[in-house]
Undergrad: 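Below you will find the structure I want to go over with you.
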Amino acid sequence: MRISRNVRRADLKAVAEVRRALRELMRHRCRSEATDVAELLITELVTNALVHTDRGAEVSASLTATRLRVEVRDHAARRPRPYVPTADDGTHGRGLVLVEALADDWGVDALALGAGKVVWFELDGRHEAPYAAGPA
């Protein structure tokens, strides 16, 4: 199962549409906690791409039986870096810190020279929580 969306430059209203499409993709196949986390993280990555680059973004999400992968491609070669914001930063600067803390895996892949980058994250996509062994 897969979704794919193009988001125009500075179209912050499109962030909510991308979030809704992801929720629908995950609705019957994933735990509600995973859906909540995925919505938060896709919001952060798409917003970053629209705020920090001068062109739009391409968003895709694929869901297998065990894994959700979300990719946000933008056209800027500059690699994002997580940083811990100061108290004076308000709500800015926390996006990649959240991705780093909440995703099972994440990264940044550079594309061909001048073609930008893909920032991605993965989450456990199983409907039930993974088995956790208790004390033996």
Undergrad: Verify the cluster assignment for Phe121 and Leu111: are they in a single hydrophobic cluster under the rule of side-chain heavy atoms below 4.5 Å apart?
TA: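 Unlinked, Phe121 and Leu111 end up in two clusters.
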Undergrad: Heavy-atom distance under 4.5 Å between the side chains of Leu45 and Leu96, does that happen here?
TA: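 Contact flag for Leu45/Leu96 side chains = yes.
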Undergrad: Would you be so kind as to tabulate the donor-acceptor pairs closer than 3.5 Å made by side chains of residues 12-19, with sequence neighbours excluded?
TA:
from	atom 1	to	atom 2	distance (Å)
Glu17	OE1	Arg5	NE	3.2
Glu17	OE2	Arg5	NE	3.4
Arg19	NH1	Thr43	OG1	3.0

Undergrad: With side-chain contact (heavy atoms from CB on, under 4.5 Å) as the test, pick out the partner of Trp106 among Leu41, Val70, Val99.
TA: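 With Trp106 as partner, side-chain contact (heavy atoms from CB on, under 4.5 Å) holds for just one option, Val99.
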Undergrad: Taking side chain as C-beta onward, heavy atoms only, is Val7 less than 4.5 Å from Val72?
TA: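 The answer is no, as the side chains (C-beta and beyond) never meet within the 4.5 Å cut-off.
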Undergrad: When rounded to the nearest 0.5 angstrom, what distance separates CZ in Arg9 from CG in Asp54?
TA: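 Rounded to the nearest 0.5 Å, the CZ-CG separation comes to 7.0 Å.
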Undergrad: Of all heavy-atom pairs between Met26 and Ala38, which one has the smallest distance, and what is that distance?
TA: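 For Met26 and Ala38, the tightest heavy-atom pair comes out as SD-CB, 3.6 Å.
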Undergrad: Taking only residues at least two apart or on different chains, which pairs with a member in residues 32-48 satisfy salt bridge (Lys or Arg N to Asp or Glu O under 4.0 Å)?
TA: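 Those involving residues 32-48 are Arg23-Glu39.
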Undergrad: Is there a side-chain contact between Arg2 and Ser60 (heavy atoms, below 4.5 Å)?
TA: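 Contact flag for Arg2/Ser60 side chains = yes.
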Undergrad: Count I, L, V, M, F, W, Y as connected when their side-chain heavy atoms are under 4.5 Å apart, and connections chain through other members. Are Trp120 and Val59 then in the same cluster?
TA: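 No, Trp120 and Val59 fall in different hydrophobic clusters.
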Undergrad: In this structure, are over 12 heavy atoms from other groups packed under 6.0 Å from Arg78 atom CZ?
TA: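 No, because the 6.0 Å sphere around CZ of Arg78 holds 12 heavy atoms or fewer from other groups.
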Undergrad: Test: side chain to side chain donor-acceptor pair (under 3.5 Å). Region: residues 66-76. Which pairs qualify, not counting sequence neighbours?
TA: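 Every side chain to side chain donor-acceptor pair (under 3.5 Å) pair that includes a residue of residues 66-76, provided the two are not neighbours, is Glu58-Arg73, Arg67-Glu122, Arg69-Glu71, Arg69-Glu122, Asp74-Lys117.
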Undergrad: What verdict does the side-chain contact (heavy atoms from CB on, under 4.5 Å) test give for Leu68 and Arg29, after you've listed the backbone C-alpha separation in whole Å, the side-chain angles of each residue and the deciding distance to 0.1 Å?
TA: CA-CA 10 Å; Leu68 170 72; Arg29 302 220 20 224; over 6 Å; no
Undergrad: Which pair of non-hydrogen atoms, one from Leu63 and one from Cys30, has the smallest distance, and what is that distance?
TA: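 Closest approach of Leu63 to Cys30: CD1-SG, 3.8 Å.
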Undergrad: How close do Ala57 and Leu50 get, heavy atom to heavy atom, and via which atoms?
TA: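 Of all heavy-atom pairs spanning Ala57 and Leu50, the closest is N-CD2, 4.3 Å.
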Undergrad: So, do Leu40 and Leu98 sit near enough that their side-chain heavy atoms are less than 4.5 Å apart?
TA: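 Side-chain contact under 4.5 Å: yes.
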Undergrad: Report whether Val108 and Leu123 are members of the same hydrophobic cluster (ILVMFWY, side-chain heavy atoms less than 4.5 Å apart, transitive linking).
TA: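 Looking at the clustering, Leu123 is in the same group as Val108.
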